[in-house]
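Following: one structure in structure tokens, then a few remarks.
Sequential numbering from 1 along the given sequence is applied to the chain's residues.
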Amino acid sequence: QDIDLKNKILYVRSKPENKVKDHEERAIPLCEQAIQVLKEASKFSKGRFVFSRNGKPTISIRKQLERACRKAGLKKVFPYMLRHTFAVLCLKSGIDIYDLKEMLGHSDIKTTERYLHTTGIHLKQSIEKLNQTISKIFS
């Protein structure tokens with residue numbers, strides 16, 4: 001019920017089994033690859049939860065990630081690493097930092113700006129905006 005595949009939206013809602021830290025609900029658009037991953041995951045899920053164990057919601061995503069990494073022979077992956085990777089990939093893809101702020105649920109843009117230093121993208125985007133403006137003037 002939190003995933004609307006038709007409209008490609010994921011809803012983040014606070015629930016008894018899954019409390020949102022700031023209690024702010026939000027809608028996050030889904031890209032086609034995310035939809036495909038969710039569809040594939042639903043084949044293996046027992047019940048209505050993406051992250052579940054025996055049809056019940058996972059209490060600890062961290063523990064489930066540890067278990068999956070151990071089975072796959074990978075180093076430990078923490079939930080924050082997934083969030084961080086998402087933020088950096090969004091910025092590298094050219095997604096506006098204010099849009100990213102909304103998707104991540106940050107109340108202050110300064111929190112989102114922490115991801116800029118890992119990409120160097122803000123300088124590249126700024127100079128590209130200048131290039132586009134100059135190109136318009138001289139075309």
Side-chain angles (χ1 to χ4, degrees):
Q1 66 196 17
D2 293 330
I3 300 170
D4 180 351
L5 291 176
K6 181 180 169 210
N7 294 307
K8 301 180 180 182
I9 297 174
L10 167 75
Y11 295 97
V12 178
R13 300 176 175 133
S14 207
K15 296 182 240 12
E17 70 271 8
N18 181 30
K19 297 202 185 311
V20 176
K21 186 167 68 171
D22 58 5
H23 302 288
E24 285 287 321
E25 297 185 357
R26 59 191 177 276
I28 301 171
L30 293 169
C31 66
E32 196 56 44
Q33 289 84 0
I35 290 169
Q36 292 307 315
V37 167
L38 289 169
K39 284 180 178 177
E40 189 67 25
S42 70
K43 294 177 186 175
F44 303 102
S45 181
K46 296 174 185 155
R48 62 186 185 99
F49 302 100
V50 174
F51 298 102
S52 65
R53 190 168 179 153
N54 302 321
K56 295 180 180 166
T58 299
I59 302 301
S60 172
I61 296 291
R62 183 185 54 78
K63 286 182 183 176
Q64 192 166 359
L65 274 172
E66 284 178 12
R67 201 175 298 119
C69 288
R70 199 170 37 251
K71 284 182 181 179
L74 301 172
K75 68 175 190 164
K76 280 188 180 180
V77 175
F78 299 97
Y80 176 78
M81 295 164 81
L82 301 175
R83 184 175 167 86
H84 180 83
T85 300
F86 170 76
V88 170
L89 288 174
C90 283
L91 291 170
K92 284 186 175 184
S93 299
I95 290 175
D96 183 79
I97 191 164
Y98 291 98
D99 291 338
L100 180 61
K101 172 190 169 289
E102 294 301 314
M103 287 189 275
L104 294 174
H106 293 156
S107 57
D108 187 345
I109 193 68
K110 294 240 183 265
T111 306
T112 314
E113 287 173 349
R114 292 184 303 187
Y115 297 104
L116 287 174
H117 78 278
T118 61
T119 65
I121 201 79
H122 61 291
L123 296 175
K124 292 175 188 171
Q125 287 176 339
S126 296
I127 206 67
E128 185 54 36
K129 287 177 185 176
L130 173 63
N131 185 53
Q132 290 172 5
T133 301
I134 292 170
S135 295
K136 287 177 187 176
I137 292 171
F138 292 107
S139 60

From [atom1] ([X]) to [atom2] ([Y]), nearest 0.5 Å:
| X | Y | atom1 | atom2 | value |
| --- | --- | --- | --- | --- |
| Gln132 | Lys129 | CD | NZ | 8.5 Å |
| Glu102 | Ile95 | CD | CD1 | 13.0 Å |
| Asp99 | Leu104 | CG | CG | 11.0 Å |
| Arg26 | Leu10 | CZ | CG | 9.0 Å |
| Ile97 | Lys101 | CD1 | NZ | 10.5 Å |
| Leu100 | Asp96 | CG | CG | 9.0 Å |

Item checked: N-O pairing of Glu66 and Arg70 below 4.0 Å ->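 No, no charged N to carboxylate O under 4.0 Å.
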
Checklist line | Trace of the side-chain contact (heavy atoms from CB on, under 4.5 Å) decision for Ile109 with Tyr98 | finding: CA-CA 7 Å; Ile109 193 68; Tyr98 291 98; 3.7 Å; yes

Next item on the list: State whether the number of non-hydrogen atoms from other residues, nucleotides or ligands found under 6.0 Å of Tyr80 atom OH is greater than 12.
Entry: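 Above 12, so yes.
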
Next item on the list: Step by step, work out the side-chain contact (heavy atoms from CB on, under 4.5 Å) result for Val37 and Glu40.
Entry: CA-CA 5 Å; Val37 167; Glu40 189 67 25; 5.7 Å; no

Check: Of the options Val12, Thr112, Ile28, which is the one that meets Met103 in a side chain to side chain contact (heavy atoms under 4.5 Å, CB included)?
Finding: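 Exactly one option meets the side chain to side chain contact (heavy atoms under 4.5 Å, CB included) with Met103, and it is Ile28.
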
Next item on the list: On the 0 to 90° scale, with breaks at 30° and 60°, tag the His106-Tyr115 ring pair as parallel, tilted or perpendicular.
Entry: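 Rings of His106 and Tyr115: parallel, as their planes differ by under 30°.
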
Item checked: Distance-minimising heavy-atom pair for Asn7 and Asp4 ->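 Minimum heavy-atom contact is ND2-OD2, 2.7 Å.
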
Notebook entry, point to check: What are the two closest heavy atoms between Ile61 and Pro79, and how far apart are they?
Noted result: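 Looking at all heavy atoms of both residues, the closest pair is CG2-CG, 4.1 Å.
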
